[in-house]
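Below, read A as the first sequence line, B as the second, and so on, with proteins coming before strands; counting in each chain starts at 1.
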Number of protein chains: 2
Amino acid sequence: MSLSPENEFEPTFDNVLRMGGNTQNNETEKPPVFIEDVARLAGVSPITVSRAIRTPSKVSVEKQNRIREAIEATGYKPDSIARALRSGRTNIVLGFISNMFSQQFAKAVRGCSLILEESGYQFLIGETTYSYKKESAIISDLQQLKPAAVFFTGVIELEENREQLRKLKIPIMETWAYPRDPIDLLVGISNTDGGKLAARHLANKGYKEVAFIGRGGGRGALRYQGFADECERSGISIVKKIHCKEVIDINDGRKVFHELYADGNMIKAVFCANELLATGVYLAARDAGLRIPQDLAIIGFGDNDLASSLQPGITTIRFDSEALGQHAGRMILASLRGEKLNQKTRYMPLSVIERGST
Amino acid sequence: MSLSPENEFEPTFDNVLRMGGNTQNNETEKPPVFIEDVARLAGVSPITVSRAIRTPSKVSVEKQNRIREAIEATGYKPDSIARALRSGRTNIVLGFISNMFSQQFAKAVRGCSLILEESGYQFLIGETTYSYKKESAIISDLQQLKPAAVFFTGVIELEENREQLRKLKIPIMETWAYPRDPIDLLVGISNTDGGKLAARHLANKGYKEVAFIGRGGGRGALRYQGFADECERSGISIVKKIHCKEVIDINDGRKVFHELYADGNMIKAVFCANELLATGVYLAARDAGLRIPQDLAIIGFGDNDLASSLQPGITTIRFDSEALGQHAGRMILASLRGEKLNQKTRYMPLSVIERGST
DNA sequence: TTGTATGCGTTATCAA
DNA sequence: TTGATAACGCATACAA
């Protein structure tokens, strides 16, 4: 069913509520205000105004006050482009996210952005889409964009890109893994430990044969590594391993579900190294008539609304991604302010959230 | 369960795969390349290089070739900040999204960004969080950011903000509603018609008493308007109306579910003006032991992975949000290029996707 | 079609 | 602590 054809051609207008009434538009346009105007009004030179804004400590209190008044009176706002041209740096912090459909990434980015915006930085987001090519293109563009700092929901793997980032000489924040050698700043989780936790959990539940589903590269590979190591220690065998190329949404999980049983294996438990996969597998399993956890136990990684909303919920390896973003924001800020960081790396603990799916 | 304390203190390092090997770092740093360097190499003046890049048609083919070679030889990239200072405009297109947790918004933004990035624009995203205050702050900042164009997943309601946007004299794209008087460009859906479709669908299903859940303002109010109008026409009564302040995620839907029955009403069908609400209500209803659709029929608005993944799926009012984003991107592009648009407004049709929840 | 002169609005640098 | 001067790298305006 859809609207009748006539209606399709003449859709109803939305009577959007307009608020604020008429702006007296007939007023003559206010001329733009420059630093010079403020300076004249305050009876100082432009450079003193500039200093009063950026480094007030270098300006006498008396002039600070006069300048503040002049700024308020005129409504002056510094031109960030001119500022960037001269100083070689904008006040924009760029956050790159590998998949906008991931709630965890969204939370982290939100946490980081709140912290930075409080301090007058602009936080803007770009999407990298798990593609090395796109990532390289973005990193190359960074040289032109001249951001004040950069935040990634991931770590940079290509040495060439790492080198380029280092050359920017700005705070670079990597997250979502715990490498020995971050480029600069890191708020990380150990994906390896995440995999171990999942294996240990399944071992505790008494499973002897398990399956793994995850991306073949990046974090997926790391989670597999930890999972496989701990499975071996616990005497569990991984009877099936499925690698997905790209995981964008739940349907990627649904698609791989049937591969689980393609060999005639009797899979009773699976670790999905990603929550989108876990929920997709869960839903497909249920559609196929399997009982969860009796016929198939599922443990995921990352958590999301859906994993906690389903009944039974999906057991998962979780960490506080909003807190991760906030920590990242604070470290970036400290670094931007030239404060000495007592640690450039921070670890976010993982825990198993046990729900009904295992 | 979590890792043992020792492990918490000494998390396992992730052995992130590094690719690309050593960059010969001992090479002397390449000096930066400016337009003047290219010009000298090509035997022309800097301004000719500038023109060759931006408006090749104004440069002789012969010089174009020489300049192209010089650019490749030197690896020259124009400084976008200097460019922006001089021309008063960056090559950044800003996309503002009201809620990063909405899949529809994410899809639209992705569609728009793909189109614009193909043409050399940077597409960056900011979040507005349904707050007038934040929205006003952002719009005020736009004057400094000097983007080439702006895309909103919504329409701007405050006249003051509308006026400020108009003053920017850049393409302004509004979406997600179908107002009579957009600021500039619009790729819209009629929220009013969406509400009507929902009402008509419930009427067709034979319901006589229905409930509404949605945000009290913005699109929620528009959808209610259409819903209420069509309910009246069809002789259906709205026995319960719940307004939510802010809808961020599924839990907002879960929370309001119980209000449905607070008055002792026997609600048999509900229109949730937003998919996050619909899925939350659905899950809460199921938890409460209600059968869907027998005990409670639910129709949503917007669709998402979850609505289509549940069983029964959630009936919803849908439109192609990725296509919306793409159309928006193309219109913005045309406008940036100074092409005459034969229409500044485009309508996206809505349809009812009937699943098992009604 | 090409080039010259100039300036975008701010801040680095240096001198006072 | 303050100010004069120059410059950031490019594109507009105008002339040729």
Side-chain angles (χ1 to χ4, degrees), chain A residues 30-68 70-71 74-92 120 141 143-148 169 338, chain B residues 31-68 70-71 74-92 120 141 143-146 148 168-169 336 338:
Chain A
K30 291 181 252 180
V33 181
F34 303 121
I35 200 167
E36 203 184 322
D37 303 318
V38 176
R40 204 178 311 116
L41 191 60
V44 296
S45 74
I47 189 65
T48 305
V49 175
S50 176
R51 277 195 279 252
I53 292 169
R54 292 171 302 131
T55 50
S57 63
K58 293 185 178 173
V59 174
S60 70
V61 178
E62 184 221 332
K63 293 200 172 167
Q64 275 186 50
N65 292 334
R66 273 196 281 154
I67 289 168
R68 188 174 336 106
I71 288 176
T74 54
Y76 169 71
K77 288 203 172 189
D79 179 315
S80 53
I81 306 279
R83 197 172 238 194
L85 178 61
R86 187 61 255 223
S87 69
R89 207 116 291 166
T90 67
N91 70 332
I92 295 174
D141 286 346
Q143 292 164 19
Q144 300 177 59
L145 239 34
K146 301 206 173 80
K169 311 238 188 264
Chain B
V33 182
F34 303 121
I35 200 168
E36 204 184 322
D37 304 317
V38 177
R40 205 177 311 117
L41 191 63
V44 297
S45 74
I47 189 64
T48 305
V49 176
S50 176
R51 278 195 277 251
I53 293 169
R54 292 171 303 130
T55 48
S57 63
K58 293 186 178 173
V59 174
S60 70
V61 178
E62 184 220 332
K63 295 201 171 167
Q64 275 185 51
N65 291 334
R66 274 196 281 153
I67 290 168
R68 190 176 331 108
I71 287 176
T74 54
Y76 170 72
K77 289 203 171 189
D79 180 314
S80 53
I81 305 280
R83 205 172 231 196
L85 178 61
R86 185 63 256 221
S87 68
R89 208 116 289 168
T90 67
N91 70 332
I92 295 173
D141 286 346
Q143 292 164 21
Q144 300 177 58
L145 239 33
K146 301 205 172 78
L168 295 177
K169 312 238 187 264
L336 284 170

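- Between Lys146(A) atom NZ and dC8(D) atom C1' there is a gap of 9 Å when expressed in whole angstrom units.
- Between Lys63(A) and dT2(D) there is a side-chain N or O to OP1 or OP2 distance below 4.0 Å.
- Looking at heavy atoms from C-beta onward, Arg83(B) lies in side-chain contact with Ile53(B) at the 4.5 angstrom threshold.
- A 4.5 Å side-chain heavy-atom check between Lys77(A) and Asp141(B) finds at least one atom pair inside the cut-off.
- Side-chain atoms of Thr90(A) do not come within 3.5 Å of backbone N or O of Ala84(A) as any donor-acceptor pair.
- Here Ile67(B) contributes atom CD1 and Ser50(B) contributes atom OG; the two are 9.5 Å apart, rounded to the nearest 0.5 Å.
- Between the CG atom of Leu85(B) and the C1' atom of dG9(C) there is a distance of 6 Å, rounded to whole Å.
- Note: CD1 (Ile67(A)) to C1' (dT2(D)) measures 10 Å, nearest angstrom.
- Residue-level contact check: Ser57(A) touches the backbone only, with heavy atoms under 4.0 Å from sugar-phosphate atoms and none from bases.
- One distance of note links CD1 of Ile81(B) with CG of Leu145(A); it measures 7.0 Å at 0.5 Å rounding.
- Here the straight-line distance linking atom CZ of Arg51(A) with atom OG of Ser45(A) works out to 6.5 Å at 0.5 Å rounding.
- Distance NZ (Lys58(B)) to P (dG3(C)): 15 Å, rounded to an integer number of Å.
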Checklist entry - Reading nucleotides 10-16 of chain C from the 5' end, what letters show protein touch, with B for base, S for backbone sugar-phosphate only, - for no heavy atom under 4.0 Å? => result BBB----
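- Neither OP1 nor OP2 of dA4(D) sits under 4.0 Å from any side-chain N or O of Ser45(A).
- Ser60(A) has no side-chain polar atom (N or O) that falls below the 4.0 Å cut-off from OP1 or OP2 of dT1(D).
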